[in-house]
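Numbers here are sequence positions counted from 1.
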Amino acid sequence: MSHFTSLDDARQRRLYALKRAPGLRHHGNTALLQLLSRSREVTWARDAVVFREGEATEGFYVLLEGELEVSRSGEPLMILQPGTPLGLEALTSGRHSVTVRAAMDASGLFFPKDDVSSLPHAPSAPPERPHPRAEVVAFESDVRRAPLATLIELVAKVIHQDFGDRVLVLRTAARSQEPGPELPAVTRGADGVLRATLPASASGAPGQLTPPVLQRLAVKFGLHAIFLDGCDVADVGMLDKTVRLVTGASARTAASPRLLPTVVVDPRRPARTSELSGQAQAQHDGPHPHPPQHPPCPLRLNLERFARMSVDDRPLEAQGLCHTEREALARWARALTHRRVGLALSGGGVWGFYHVHILRWLVGQGVPIDIISGASMGSLVGAYFCGSALDGRSGLEGLRVLEERAVSRQLSLAAAAAILTSYSLERFVERDLGPICLEELSTRFLPVTTDLTRGECVALERGPVALGVRASGSAPGIWGPTVVPPARYVDGAFTSMVPAHVLLDAGADVILSSNIFPSGVRHTPPVPTTGLGRFLAGLNPVARALDLAASGVLLLHRSGDIESLLADVSFDLHSAEAPLMTAMEFTRAREILDRAAADAPLARRLEDMKQHWLQVKARGARAHPRLGGQQAA
């Protein structure tokens with residue numbers, strides 16, 4: 001069972017402050033969490049100087065508690081409040097342009113400039129380091145006969161084509177060579193990928209990448225990443241991460257801060273389990289959070305076909321990949337480069353067809369979706385999208401089927417039968433999607449539920465998709481619970497209305513959220529003017545029941561708003577007439593879709609989502625200016 005921390009988690013609050021810092025907004029969550037793990041806590045007494053105008057910068061700060069006063073040339077400018085970053089802009093110029101002093105006892109986090117400049121695609125760097133350090137990635141495989149060299153070549157091609165990142169594939173010579181020039185000869189193929197060979201040692205050991213060679217290669221060619229294909233590093237500290245091909249069973253045991261497990265799923269023989277389960281997550285409430293682990297990334301490919309494939313330096317289009325294979329490699333490329341996109345979908349009954357409109361719009365605009373977390377109706381929409389997006393099929397087809405089921409009253413009948421047993425919801429989903437399991441999906445799907453026996457929010461990672469949706473949507477008091485001994489699952493919206501924090505722990509670098517259950521307005525009849533009349537009106541059991549319903553809806557909506565703070569871009573459907581009554585009228589699905597299409601605030605937020613993705617997609621080009629002459633490789 002996988003439980004996730006509360007929104008009061010210190011790690012999440014600090015990450016939220018970092019994501020609002022200028023220049024870091026379009027950076028991936030996984031990279032920012034690594035930066036956060038290397039921060040240092042600092043305190044200032046009242047009137048203590050944090051830094052002075054004109055001083056050389058050593059890094060930047062995030063204020064956690066207290067207030068700081070900012071001045072220039074002795075003139076006060078502003079008072080900074082908790083959660084504010086300061087000094088980040090000085091990393092570009094190298095010197096502070098203002099003086100910052102503690103207006104009261106205060107505390108914060110300090111981020112050294114070297115840690116900032118070592119981020120992949122760093123937004124800025126000190127003058128003495130004009131280029132951010134290239135990320136060094138090694139590759140391993142626990143999967144028998146996996147064509148690792150072929151996969152490295154292909155994913156490098158995809159990364160260059162999709163993002164314009166400059167990737168160097170570094171290999172070891174087939175046999176030992178005499179020491180060559182100081183730098184290995186680098187060639188650029190027609191696919192845009194850079195390649196070089198390191199000489200093996202006299203004993204035949206793999207060639208080694210040394211720190212001086214790494215530094216010169218990165219600066220000379222403006223590299224974003226170096227992929228090691230059979231090479232070693234002289235110092236293990238040079239290695240930013242290792243990508244390991246694993247099976248589903250070993251995915252979690254392989255996880256570590258510098259290891260990205262890539263779970264190979266064979267579409268011909270998918271590994272399935274009948275048990276609904278996950279993996280417990282560690283708490284992060286301490287003052288010094290541990291470096292985050294890289295959650296598994298699925299790679300749904302027939303590796304036997306790739307073992308027979310001949311790959312060279314021709315463009316990607318010449319490799320004969322089918323659409324499914326291209327999409328699988330693109331998803332892997334986003335995981336490798338900290339660009340995974342996650343979408344958090346709230347509960348809300350028929351209002352969930354707002355999610356359907358959002359998904360259709362994002363797909364139509366070319367915004368990828370790597371992970372979906374959903375509560376209640378959000379999990380149903382996520383299941384139909386992820387469960388049908390397999391082996392060349394579009395997730396949009398699943399959304400069309402769900403729409404048809406809703407307007408033809410089939411979804412309403414399943415919901416009515418769930419009053420007796422929520423098995424009707426499971427059977428409803430399984431009839432359309434088949435007996436697929438969460439672990440075999442290309443797009444990761446994490447239905448969120450509430451385990452009453454442990455009092456926890458649970459994000460389900462393994463087991464049947466249909467059973468996961470049933471557990472996520474078992475509204476307590478209305479529908480029957482989902483009992484999977486020893487757990488007793490009810491609706492996930494009661495512990496995580498908009499499960500954005502689930503996406504954070506699942507490795508999403510970009511988080512988009514949708515809170516579509518309107519808060520509503522409680523309309524009441526005229527209040528009696530006499531004291532006795534008001535007393536009797538307060539005793540009205542019907543009015544009290546309506547108060548309870550309106551309060552519950554408001555509570556769910558507001559809790560979703562709080563969770564949405566973790567999202568990079570979020571949409572919130574504020575209010576609507578009788579939202580709770582409307583929620584159960586699934587035959588109004590197309591009416592809700594039309595309303596979403598005409599919703600001007602939603603249209604603006606969707607455009608914001610698209611622009612945010614485009615910024616993340618192109619951040620490599622911003623971090624490394626285009627090189628010319630010899631440096632153009």
In this structure, CH2 of Trp332 is separated from CG of Leu260 (nearest 0.5 Å) by 8.5 Å
Provide the closest heavy-atom pair for Leu109 versus Glu41 in the form atom of the first, atom of the second, distance.
-> CD2-CG, 3.6 Å
Could you grab the distance from atom CG of Leu209 to atom CG of Leu217, nearest 0.5 Å is fine?
-> 7.0 Å
Any side-chain heavy atom of His501 sitting closer than 4.5 Å to one from Leu566?
-> yes
Can you check whether Leu194 reaches Thr187 side chain to side chain, under 4.5 Å on heavy atoms?
-> no
Nearest heavy atoms of Leu198 and Pro184, plus distance in Å | CD2-CG, 4.0 Å
Could you go through the side-chain contact (heavy atoms from CB on, under 4.5 Å) check for Phe60 and Lys113 one step at a time?
-> CA-CA 7 Å; Phe60 79 98; Lys113 62 181 181 182; over 6 Å; no
What pair of heavy atoms forms the shortest contact from Ala90 to Thr57, and how long is it?
-> O-CG2, 3.4 Å
Are Phe111 and Tyr61 near enough that their ring centres are under 6.0 Å apart?
-> no
Leu606 and Lys610: side-chain contact (heavy atoms from CB on, under 4.5 Å), yes or no, with the steps?
-> CA-CA 6 Å; Leu606 287 174; Lys610 176 184 175 181; over 6 Å; no
Would you verify whether the NZ or CZ of Arg166 falls within 45 degrees of the ring axis of Phe221 while also being under 6.0 Å from that six-membered ring's centre?
-> no
Between atom NE2 of His323 and atom OG of Ser394, what is the distance when rounded to the nearest 0.5 Å?
-> 7.5 Å
Would you call Ile371 and Leu446 a side-chain contact if the rule is heavy atoms closer than 4.5 Å?
-> yes
Interatomic distance, CG@Leu343 vs CG@Leu503, rounded to 0.5 Å, equals 7.5 Å
With a 4.5 Å heavy-atom cut-off, do Ser513 and Phe571 have their side chains touching?
-> no
Excluding sequence neighbours, so at least two apart, what forms side-chain hydrogen bond (donor to acceptor under 3.5 Å, both in side chains) with Arg268?
-> Asp266, Asn302, Glu304
Parallel, tilted or perpendicular for His96 and Phe51, by the 30°/60° rule?
-> parallel
Compare every heavy atom of Gly207 with every heavy atom of Thr172, then report the nearest pair and how far apart it is.
-> OG1-N, 3.1 Å
Does atom CZ of Arg269 have more than 12 heavy-atom neighbours from other groups under 6.0 Å away?
-> yes
Flag side-chain contact, heavy atom, 4.5 Å: His160 against Asp191 = no
Should Glu607 and Gln365 be marked as a side chain to side chain donor-acceptor pair (under 3.5 Å) after you check the CA-CA gap, both sets of side-chain angles, and the distance that decides it?
-> CA-CA 9 Å; Glu607 189 59 36; Gln365 294 295 315; over 6 Å; no
Is the closest side-chain heavy-atom distance between Arg300 and Val264 below 4.5 Å?
-> no
dist Leu168:CG -> Leu214:CG (nearest 0.5 Å) comes out at 10.0 Å
Mind checking the CD-OG1 spacing from Gln215 to Thr210? Nearest 0.5 Å is all I need.
-> 11.0 Å
Tell me, with the steps shown, if Arg244 and Thr242 meet side chain to side chain donor-acceptor pair (under 3.5 Å).
-> CA-CA 6 Å; Arg244 180 180 297 167; Thr242 298; over 6 Å; no
With respect to Arg334, which candidate in Asp370, Asp165, Asp162, Asp509 satisfies the salt bridge (Lys or Arg N to Asp or Glu O under 4.0 Å) definition?
-> Asp370
Looking only at non-hydrogen atoms, find the nearest pair between Cys437 and Val465 and report the distance.
-> C-CG2, 3.7 Å
Heavy atoms only: give me the nearest Leu15-Leu32 pair and the separation to one decimal.
-> CD1-CB, 3.8 Å
With a cut-off of 6.0 Å (strictly less than), are more than 12 heavy atoms of other residues, nucleotides or ligands near CZ of Arg305?
-> yes
For residues Pro211 and Met238, determine if any side-chain heavy atom of one lies less than 4.5 Å from a side-chain heavy atom of the other.
-> yes
Residue pair Gln319, Arg326: steps toward the side chain to side chain donor-acceptor pair (under 3.5 Å) verdict | CA-CA 10 Å; Gln319 300 301 323; Arg326 176 67 172 83; over 6 Å; no
Can you find a heavy atom in the side chain of Thr443 that is under 4.5 Å from one in the side chain of Arg331?
-> yes
May I ask you to say whether Arg188 pairs ionically with Asp313, meaning some side-chain N is under 4.0 Å from a carboxylate O?
-> no
Evaluate the criterion side-chain contact (heavy atoms from CB on, under 4.5 Å) for residue pair Arg145 and Leu303; output intermediate values, then yes/no.
-> CA-CA 8 Å; Arg145 297 177 182 172; Leu303 293 190; over 6 Å; no
Using the salt bridge (Lys or Arg N to Asp or Glu O under 4.0 Å) rule, take Glu135 and Lys241 through it: C-alpha gap first, then chi angles, then the decisive distance, then the call.
-> CA-CA 8 Å; Glu135 188 174 33; Lys241 67 169 168 267; 3.0 Å; yes
